[in-house]
Amino acid sequence: RRSGDAEPAKFKPPPKPVIVDRQRQTAERRFLSPEFIPPRGRTNPLKFLIERKDMIQRRKVFNIPEFYVGHILAVTTADPNANGKTSRFVGICIQRGGKGLGATFVLRNVIEDQGVEICYELYNPRIQEITVLKLEKRLDDNLMYLRDALPEYSTFDVNMKPQSYLDSEEVPVNKLQVRMKPKPWSKRWERPKYRIKGIKFELPEEKMKEAQKWNKPWLEFDMMREYDTSKIEEKIWKEVNEELKK
Amino acid sequence: MMPMWTKSGKKHAVTLLKVQDCHVLKYISKEDSDGKSPRLIVGGKNGSPFSRSESEMKIFREAGVPRKQKVTTFNVTDDAIIKPGTPLYAAHFRPGQVVDVTAKTIGKGFQGVMKRWGFKGQPATHGQTKTHRRPGAISTNKASKVYRGKKMPGRMGNIYRTSFGLKVWRINTKHDIIYVNGSVPGHKNCLVKVKDTKLPGYKDCNKNPPFPTYFADGDEELPEDLYDEEIFQFTDPSVTYA
């Protein structure tokens, strides 16, 4: 090295290899939270537009992670009557309901042999934090049958550590078949209207055949009940993503 | 209808009312109206001009305004008279004001006495023959007549009703939307009349409104959203209790 050279040789870094993983880009997960999709009805679409604006505003300030029914979540809310003014609850998400700002999700856990279910509102300002502890999709969209299942299937450790996961991986589906307590149940889960795939029915054959009497096979071909949300979802997905990036 | 939270964490249900193409149509002076105060006729929501008679169309033509679907009168004080033809906007109301909302209720058609008047009906079992939802007795022996106005089955709904004392939480000036506390009579997208409260308990709440109305081409520029002080705005961080 010589300082004071007339023309120091310019250092050109070697060109970095640019890896374009085409496969990964196309398989990127597009998840639109189900409360963004407007329900069928005669309401003015302006109402949904304004509600979506409010929802996006809230999402900018407070992170609502992507989660499905079957995930194990920990939620901390502000509570004026608790010590430290916050209360934390860990549970499995059994149901996601409601559209727009009133969207809710129900978390279930068994604490000291007592089953507890709490229904939280996603956009309630009292919620301080939502963390996903375990990613796991189940076979059904609605896990209300866990109320009639053996309590071991609803117990989760309150001090569970959050599981680490990659962003690009697909959400794993747990094909667990749950064993139930003896009948009577809160709902007749063997009937075809609930379309449950996640229960191991240990009922005799005649009962299962009798349950099929309430089968309505014409419902899936009913055109009036069709609600194709693919185009609406794409529009809303674009809109939501653009707003969130700002 | 939408949920809405206050800064203390309480949830309230809110109805959205859209102010769509409202214009002042006519001014009737005190003497003409034979009443105690002058009146202003206001029209809402534009509609087709072909289904109304010529005499009704005269008012719209004089005001220079397309035909409106809903036409109502307001009793106004002398200093609140507005020239016919001025548009009215949602910013006429401010958050914190209290308001009465009038509309036609949802029509239920011919309904029985249990749904229409809330009668208890009769038991389902224990020997009742063909009598489960009937009114039972309609008068006494001594009266030997049925009084006028006796509650009986008939057409229910599709009449004007008012809900009083509804607080205005928020106003959207860009889309002309008023967020009003609680529920309002009428079905979705029905036409509604919004007025200042007549309840004496809320006289202090309606201070300093834009008087006589909010003019869009005036000097003041309002932000897109006007919120009441107690509302939790979604740009703030989550609510905590100290």
Side-chain angles (χ1 to χ4, degrees), chain A residues 35-36 38-65 75-88 97-105 119-131 240 243-244 246, chain B residues 1-21 44-46 69 90 106-107 169-180 182-184 186-192 223-242:
Chain A
E35 72 264 6
F36 278 104
R40 234 163 44 140
R42 291 167 71 170
T43 29
N44 204 346
L46 181 65
K47 184 231 178 189
F48 298 124
L49 196 75
I50 287 174
E51 242 188 327
R52 247 176 281 143
K53 238 176 70 178
D54 274 340
M55 284 151 75
I56 292 169
Q57 262 302 325
R58 174 76 180 152
R59 280 188 180 237
K60 279 187 193 170
V61 175
F62 170 71
N63 172 42
I64 297 177
V75 173
T76 37
T77 38
D79 194 356
N81 305 323
N83 295 347
K85 302 297 172 189
T86 50
S87 68
R88 183 170 187 261
K99 299 280 180 201
L101 278 175
T104 55
F105 62 101
C119 178
Y120 289 105
E121 288 154 357
L122 274 176
Y123 294 96
N124 197 334
R126 295 219 317 252
I127 297 186
Q128 319 269 318
E129 206 192 335
I130 303 181
T131 18
V240 166
E243 287 287 319
L244 279 176
K246 282 187 195 168
Chain B
M1 283 197 72
M2 249 169 56
M4 188 221 64
W5 288 272
T6 53
K7 286 190 174 147
S8 54
K10 272 197 177 169
K11 179 176 166 184
H12 294 271
V14 147
T15 316
L16 311 191
L17 305 173
K18 179 160 167 87
V19 177
Q20 200 168 12
D21 311 319
K45 198 170 169 193
N46 292 341
Q69 284 198 340
I106 300 180
W169 285 114
R170 177 178 163 182
I171 295 202
N172 188 320
T173 33
K174 187 175 162 201
H175 296 284
D176 276 335
I177 298 183
I178 309 175
Y179 289 58
V180 150
S183 60
V184 142
H187 55 87
K188 277 185 240 185
N189 306 326
C190 82
L191 296 158
V192 132
E224 192 188 320
D225 271 305
L226 289 163
Y227 295 92
D228 187 46
E229 299 143 351
E230 289 172 16
I231 287 196
F232 170 79
Q233 303 184 25
F234 287 111
T235 37
D236 304 334
S238 308
V239 162
T240 38
Y241 298 103

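Letters go in sequence order (proteins before strands), and every chain restarts at 1. For the numbers below, each heavy atom of this structure counts, side chains included, while hydrogens, waters and symmetry mates do not.
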Choice from Met55(A), Glu129(A), Gln57(A), Arg58(A) maximising heavy atom contacts with chain B below 4.5 Å
Arg58(A)
Given a strict heavy-atom distance threshold of 4.5 Å, which part of Asp79(A) is in contact with chain B: side chain, backbone, both, or neither?
backbone
Applying a strict 4.5 Å limit to non-hydrogen atoms, the region of Asn172(B) in contact with chain A is side chain
Residues 9-20 of chain B, side-chain donor-acceptor partners within the protein, below 3.5 Å, at least two apart:
{"residue": "Lys11(B)", "atom": "NZ", "partner": "Glu121(A)", "partner atom": "OE2", "Å": "2.8"}
{"residue": "Thr15(B)", "atom": "OG1", "partner": "Gly182(B)", "partner atom": "O", "Å": "2.4"}
{"residue": "Lys18(B)", "atom": "NZ", "partner": "His175(B)", "partner atom": "O", "Å": "2.9"}

Is it the side chain or the backbone of Ile127(A) that comes within 4.5 Å of chain B heavy atoms, both, or neither?
backbone
Counting heavy-atom pairs under 4.5 Å with chain B, which one of Pro125(A), Pro80(A), Ala78(A) comes out on top?
Pro125(A)
Quick check: do Glu243(A) and Arg59(A) have side-chain heavy atoms less than 4.5 Å from each other?
no
Residue pairs involving residues 223-235 of chain B (criterion salt bridge (Lys or Arg N to Asp or Glu O under 4.0 Å); sequence neighbours excluded)
Lys53(A)-Glu224(B), Lys167(B)-Asp228(B), Arg170(B)-Asp225(B)
Is any side-chain heavy atom of Leu244(A) closer than 4.5 Å to a side-chain heavy atom of Lys60(A)?
yes
Should we count CZ of Arg42(A) as having more than 12 external heavy atoms under 6.0 Å?
no
